[in-house]
Amino acid sequence: MTDTSSTPDTRTPAQIEADIKRRRETLAETLDEIGVRVHPKTIVGDARAKVVSQVDHTLGRAYVRANRVVSQVKGQLVTEDGAPRLERLLPVAMVVVGVVGLLAYGARRRKD
């Protein structure tokens, strides 16, 4: 940009016109970019992408935690060589059978 207060403008009319044309093109590009950014579809798409990213991040963290819990439970029920620990599996199996039996009994009583 030329400072017209201290030095005279020595550009030719053709140079001034070329400069004006170049600035108009730059301004048009800037306005086009702004138009795309504030377009409702762009705003919705950006918001959707942000939500999806946050959900993916949350699900990823939940998966890691669940995997850690499963590994800990598996470590309690299976030996390092993969053999089941019957002294720990039998009580768990009995509790599961008991809960399923109670649920079945309760469902049967509600039908009657």
Side-chain angles (χ1 to χ4, degrees):
M1 185 173 242
T2 308
D3 185 7
T4 57
S5 62
S6 61
T7 60
D9 192 358
T10 58
R11 297 179 295 169
T12 66
Q15 290 173 327
I16 293 172
E17 288 176 9
D19 189 34
I20 291 171
K21 182 179 178 184
R22 188 172 50 254
R23 289 176 191 239
R24 280 185 183 156
E25 290 172 356
T26 302
L27 181 60
E29 289 174 9
T30 302
L31 290 174
D32 288 344
E33 288 177 17
I34 291 171
V36 168
R37 288 182 186 175
V38 298
H39 193 277
K41 286 184 180 180
T42 304
I43 293 170
V44 168
D46 290 348
R48 182 178 293 136
K50 186 175 181 180
V51 168
V52 167
S53 174
Q54 289 175 346
V55 167
D56 284 347
H57 180 71
T58 302
L59 288 176
R61 288 179 27 203
Y63 175 78
V64 167
R65 287 184 182 149
N67 195 16
R68 188 176 301 139
V69 169
V70 168
S71 294
Q72 290 171 349
V73 170
K74 183 179 176 185
Q76 295 294 320
L77 301 176
V78 179
T79 63
E80 291 178 9
D81 63 350
R85 292 183 177 177
L86 293 179
E87 71 277 2
R88 292 188 182 170
L89 278 175
L90 289 177
V92 171
M94 291 173 60
V95 168
V96 169
V97 168
V99 169
V100 169
L102 287 174
L103 291 173
Y105 179 72
R108 186 173 180 187
R109 284 194 70 194
R110 276 186 251 144
K111 286 183 180 180
D112 294 337

Distance-only, no hydrogens or angles: does the [X] side chain make a donor-acceptor pair with backbone N or O of [Y] under 3.5 Å?
X	Y	answer
Ser71	Asn67	yes
Thr26	Arg22	yes
Arg11	Ile16	no

What residue among Arg85, Gln72, Arg88 forms side chain to side chain contact (heavy atoms under 4.5 Å, CB included) with Leu77? Arg88

State yes or no: do [X] and [Y] share one hydrophobic cluster built from I, L, V, M, F, W and Y residues joined by side-chain heavy-atom distances below 4.5 Å, directly or via other members?
X	Y	answer
Val69	Leu89	yes
Val51	Leu59	yes
Leu103	Val95	yes
Val52	Ile43	no

Check Asp46 with Lys50, please: is the shortest side-chain N to carboxylate O separation under 4.0 Å? no

Atom CD1 of Ile20 and atom CD of Glu17: how far apart are they, to the nearest 0.5 Å? 7.0 Å

How many angstroms lie between OG1 in Thr79 and NZ in Lys74, if you round to the nearest 0.5 Å? 10.0 Å

Which pair of heavy atoms, one from Gln15 and one from Thr10, lies closest together, and at what distance? OE1-O, 4.4 Å

